[in-house]
Amino acid sequence: MKIKAKIGTAIAIAALMALPAQMAFAAEESLSIEEEYVQEDGIIVARSNTGDSWYRFPFDTNGSTWATDGRSKEDASSAYIQVRTMTMDYCKVYIDGGETVYGPWSNQVSYWSGTNTGNSCSVTSPGQFGIMNRVNENELGYARLTGWACSQPGVLAGYWSPDSWGTYPKIND
């Protein structure tokens, strides 16, 4: 009976250690979520740049564009976007890559196969999505999220991250 109790306590403690890290507010209208990862051997390692940043693109006219500030892109994972607010039928988003946090910027959205870039992503509903890109592979150290109102004015808002650790549906066209 004592052995079972000790094993149960050990499992409970291990489960508590694997809880998500706490959120910290970085700035007004900006949320940073620090992620940690527990390896199979129990060692906790910091993940790449997966902290979520708030974005809001108030497209006032059809054809208008908005972009976030540049962020460090640390691995070859897909970028992550969470769409919380969407007031138009659809719009396009891109992951741009740059050599510095200020650019110059170039579209790094990849196609489903190959190494070509210049593709787009169609956002048609709220949700969580991955965007395949080649920022890291093309040795560009920074990424930003850009949106384009290709169908009508409206607002697109939510969170994004240049790197991801989860598996999300890809929205590359």
Side-chain angles (χ1 to χ4, degrees), residues 20-21 26 30-37 39 45-59 61-173:
S30 176
L31 174 66
S32 176
I33 301 172
E34 298 299 323
E35 299 293 342
E36 291 182 331
Y37 176 73
Q39 296 180 156
V45 294
R47 294 297 296 191
S48 294
N49 196 1
T50 58
D52 291 345
S53 294
W54 175 254
Y55 71 91
R56 184 174 186 278
F57 298 155
F59 302 119
T61 61
N62 185 29
S64 63
T65 61
W66 283 86
T68 64
D69 290 337
R71 291 184 53 193
S72 175
K73 175 80 170 119
E74 297 177 5
D75 64 32
S77 65
S78 295
Y80 165 81
I81 181 173
Q82 180 185 64
V83 178
R84 289 226 172 152
T85 302
M86 182 172 184
T87 64
M88 73 277 287
D89 294 335
Y90 77 98
C91 66
K92 299 281 188 177
V93 293
Y94 307 86
I95 296 297
D96 296 327
E99 294 177 5
T100 74
V101 71
Y102 304 108
W105 301 105
S106 62
N107 180 356
Q108 294 296 307
V109 174
S110 60
Y111 292 84
W112 281 98
S113 62
T115 59
N116 292 334
T117 59
N119 197 11
S120 63
C121 300
S122 295
V123 179
T124 59
S125 66
Q128 298 180 63
F129 308 103
I131 301 174
M132 297 181 303
N133 66 84
R134 308 246 342 138
V135 173
N136 189 269
E137 295 85 342
N138 289 335
E139 300 180 2
L140 300 168
Y142 297 88
R144 74 175 183 180
L145 176 68
T146 298
W148 174 45
C150 60
S151 68
Q152 63 191 114
V155 174
L156 185 73
Y159 294 94
W160 85 285
S161 175
D163 296 314
S164 63
W165 57 270
T167 302
Y168 304 98
K170 302 298 187 269
I171 55 174
N172 297 56
D173 290 336

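Values in this document were obtained by computation on a predicted structure and should not be read as measured data.
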Original post:
K73 side chain to R71 main-chain N or O, any donor-acceptor pair under 3.5 Å?
Top reply: no
Original post:
With no hydrogens and no angle check, is any side-chain donor or acceptor of Q152 less than 3.5 Å from a backbone partner on D89?
Top reply: yes
What closest approach, in Å, do [X] and [Y] show between heavy atoms, and which atom pair accounts for it?
X	Y	result
P162	A143	CB-CB, 4.0 Å
M86	S125	SD-N, 3.6 Å
S77	S164	OG-N, 3.0 Å
Y94	N119	CD2-O, 3.6 Å
P58	R56	CD-O, 3.3 Å
V109	C121	CG1-SG, 3.8 Å

**OP:** Quick one: list whatever passes ring pair (Phe, Tyr, Trp, His ring centres under 6.0 Å) with Y111, sequence neighbours left out.
**Re:** none
Counting C-beta onward and ignoring hydrogens, is there a side-chain heavy-atom pair between [X] and [Y] closer than 4.5 Å?
X	Y	answer
V93	T146	no
I171	V123	yes
S72	D163	no

With sequence neighbours excluded, what pairs up with [X] under the side chain to side chain donor-acceptor pair (under 3.5 Å) test?
X	result
R134	none
N138	Q108
Y80	Q128

**OP:** Take Y159 and R84 through the test side chain to side chain contact (heavy atoms under 4.5 Å, CB included) and record every step on the way to the result.
**Re:** CA-CA 8 Å; Y159 294 94; R84 289 226 172 152; 3.7 Å; yes
Original post:
According to the salt bridge (charged side-chain N to carboxylate O under 4.0 Å, His left out) rule, which pairs have a member within residues 91-100, sequence neighbours left out?
Top reply: K92-D173, D96-R144
**OP:** Kindly write out the residues that satisfy side chain to side chain contact (heavy atoms under 4.5 Å, CB included) with T87, not counting sequence neighbours, or none if the list is empty.
**Re:** T85, V155
Subject >> Inter-residue atom distance W105.CH2 - I95.CD1, 0.5 Å rounding >> reply: 10.0 Å
Original post:
How many angstroms lie between atom CG of L145 and atom CG of D69, to the nearest 0.5 angstrom?
Top reply: 11.5 Å
**OP:** Would you check, one step at a time, whether the test side chain to side chain contact (heavy atoms under 4.5 Å, CB included) holds for I131 with S78?
**Re:** CA-CA 5 Å; I131 301 174; S78 295; 5.7 Å; no
Subject >> W160 and Y55 aromatic centres sub-6.0 Å >> reply: no
Subject >> Criterion side chain to side chain contact (heavy atoms under 4.5 Å, CB included) on Y90 and L156, from CA distance to verdict >> reply: CA-CA 9 Å; Y90 77 98; L156 185 73; over 6 Å; no
Original post:
More than 12 non-hydrogen atoms from neighbouring residues, nucleotides or ligands closer than 6.0 Å to CG on N62, yes or no?
Top reply: yes
**OP:** May I have the step-by-step check of side chain to side chain contact (heavy atoms under 4.5 Å, CB included) for S110 and N172, ending in yes or no?
**Re:** CA-CA 7 Å; S110 60; N172 297 56; 4.2 Å; yes
